Protein chains: 2
Amino acid sequence: MAVEQKAPNRYHHGDLRRALLAAVDEIVQELGVEGLSLRECARRAGVSHGAPAHHFGDKRGMLTEYATDGFEKLLGSISVEFDKLDPADTKGKLKAVGKGYVAFALAHRAQFKVMFRSELLDNENERLMERGRQVFEILTKSLAGHWAATNQGWRKENLAQISLAWSAVHGFAVLAVEADLLRMGEEGLLNPDPDAVLDQLMLIAEPPR
Amino acid sequence: MAVEQKAPNRYHHGDLRRALLAAVDEIVQELGVEGLSLRECARRAGVSHGAPAHHFGDKRGMLTEYATDGFEKLLGSISVEFDKLDPADTKGKLKAVGKGYVAFALAHRAQFKVMFRSELLDNENERLMERGRQVFEILTKSLAGHWAATNQGWRKENLAQISLAWSAVHGFAVLAVEADLLRMGEEGLLNPDPDAVLDQLMLIAEPPR
DNA sequence: ACATAAATCCTGACAGTGTCAACGTGTCAA
DNA sequence: TTGACACGTTGACACTGTCAGGATTTATGT
């Protein structure tokens, strides 16, 4: 149950920061972010209730770190397939972004939810916002790359297409994660193969007819 | 500030249930759902801290009512344009669903967020789940109607297309609402005309080439 | 080596919270 | 009129985040 107990008889924990973030992840998985408390984190790390303040300032600061860590993992998840692909395979790269995005959301449901709960986070935090920008950039650049490769140039619809792609990928991830609420349509309409959905989405990146 | 004070010298409020839901909306707009408390609701309704329990049971019950009310408004928002259109205008109807969805999200940002926070709600609640199903149904039926009208029949991609449409509309609404976090790309990439985005989305409902 | 600064953690207190039981108060029907 | 019941109040409980002040360990500079 406990995450990383403090070594006995040691006034200083040694690695409290990491231990606390691990506790956050554990609790958020068990109880959701609503069930998260600084004091419970401290408890699981084997430390007094006031200790977390020295590392994160306050609760918002702790969640901000947790979310930032999530964005870094998200970037990693996208890169796994993305980096393997030939730069010439612009279409494959595009799809890899979507797959990596959805894969991360499903593998880290609880953390994914927290990452987009802006009311809970410090939106002035530089590192957090930078990571968010990076995710957005890898999508837009992949799209632009594919358009360039297929000699489509820049058309006025492209802006809307970028928004749509971003919306669809994020929306699909959100709906997949929030499956509790969305188990509507008992045919399992909303649990299709992510691959097939992404295939459909890819069509917006194709040249107009 | 206060929502609906209890009439003075009246032990019974008379319309406490509605007054409390109004207070919820007010507080959630001001502070977000994180800043919501049963006691503050009671305070704004001019009533003691224990009173809400008689109407909603507990906090989760109160939020469930609030979310259900939101789904009903969402259905209303979709219907506004939808019902005006000629049944033969299957494409127009389809687009009206998306427009109504996004319009509601933007008009009731705070409530919209709560509606999809399944951890906060009672997912066993019949009325809540029924409303959710209805929203999903109006989208799928509109899609199916358009496919029927354009003589496409039912193809195997249709399932993925429904998911994609649902994902895109919801994702766009979410991103529009959570704009704080997503004001990335200072060109305002994520604040495009919803109409243009929906136009792009409509392409998936067209016959294959 | 030693003093001093800094980082880290603890303790105790404070107001605020959700929930519950016990208790008033009004309403309505038998 | 009498009782049942819905509605609202009150007080208590354990829990929360935050803060000030103190304890302890580590790092730094001389």
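Just so we're on the same page: letters track the sequence lines, and every chain starts at 1. Bear in mind that the values here come from a model prediction, so they are computed numbers and not experimental data.
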Colleague: So, Phe71(B) versus Phe112(B), ring centres under 6.0 angstrom or not?
Modeller: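 Between Phe112(B) and Phe71(B), which both carry aromatic rings, the centre distance is not below 6.0 Å.
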
Colleague: Roughly, in whole Å, what's the span from CG in Leu16(A) to C1' in dC10(C)?
Modeller: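 So the CG-C1' distance, Leu16(A) to dC10(C), works out to 12 Å.
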
Colleague: Which pairs would a plain distance check flag for residues 50-62 of chain B, meaning a side-chain donor or acceptor within less than 3.5 Å of a matching protein atom at least two apart in sequence or in another chain?
Modeller:
unit_1	atom_1	unit_2	atom_2	d
Asp58(B)	OD1	Gly61(B)	N	3.0
Lys59(B)	NZ	Leu36(B)	O	3.0
Arg60(B)	NE	Leu121(B)	O	3.1
Arg60(B)	NH2	Glu119(B)	O	2.4

Colleague: I'd like to know whether the aromatic ring centres of His170(A) and Phe172(B) sit less than 6.0 Å apart in this structure.
Modeller: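 Between His170(A) and Phe172(B), the centre distance exceeds or equals 6.0 Å.
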
Colleague: Could you check how far CZ of Arg43(B) sits from P of dG8(D), rounded to whole Å?
Modeller: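 Distance check: Arg43(B) CZ to dG8(D) P gives 17 Å.
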
Colleague: According to a strict under-4.0 Å criterion, is Arg39(A) in side-chain N/O contact with OP1 or OP2 of dT17(C)?
Modeller: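 The answer is no; no side-chain N or O of Arg39(A) sits under 4.0 Å from OP1 or OP2.
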
Colleague: Leu38(A) CG to dC10(C) C1': how many Å, rounded?
Modeller: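 Nearest whole value for this atom pair: 16 Å.
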
Colleague: For dA15(C), which nucleotide is its Watson-Crick or G-U wobble mate, given both distances must be under 3.5 Å?
Modeller: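 Partner of dA15(C): dT16(D).
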
Colleague: Tell me the interatomic distance from Leu20(B), atom CG, to dC7(D), atom C1', rounded to whole angstroms.
Modeller: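 Those two atoms, CG and C1', are 12 Å apart.
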
Colleague: Taking the basic N atoms (NZ, or NE/NH1/NH2) and the acidic carboxylate oxygens, is any pair closer than 4.0 Å for Glu81(B) and Lys84(B)?
Modeller: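 No, Glu81(B) and Lys84(B) are not salt-bridged.
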
Colleague: Report the nucleotide, chosen from dG18(C), dT16(D), dG8(D), that has the shortest atom-to-atom distance to any side-chain atom of Val47(B).
Modeller: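 Closest nucleotide among those given: dG8(D).
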
Colleague: Whole angstrom is fine here: how far is it from CD in Glu34(A) over to C1' in dC15(D)?
Modeller: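 Spelled out: CD on Glu34(A) to C1' on dC15(D) is 16 Å.
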
Colleague: Specify the residues of residues 48-64 of chain B, ordered by number, for which at least one heavy atom lies under 4.0 angstrom from an atom of DNA chain D.
Modeller: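 Of all residues in residues 48-64 of chain B, the ones placing a heavy atom under 4.0 Å from DNA chain D are Ser48(B), His49(B), Gly50(B), Ala51(B), His54(B), His55(B).
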
Colleague: side-chain contact (heavy atoms from CB on, under 4.5 Å) with Ala103(A): which residues, sequence neighbours excluded?
Modeller: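 Testing Ala103(A) for side-chain contact (heavy atoms from CB on, under 4.5 Å), a comparison that skips the adjacent residues, returns Ser77(A).
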
Colleague: Measure from CD on Glu40(A) to C1' on dC15(D) and round the result to the nearest Å.
Modeller: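 In whole Å, dC15(D) C1' lies 11 Å from Glu40(A) CD.
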
Colleague: Does either side chain, that of Asn125(B) or that of Glu130(B), offer a donor lying less than 3.5 Å from an acceptor on the other one?
Modeller: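 No.
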
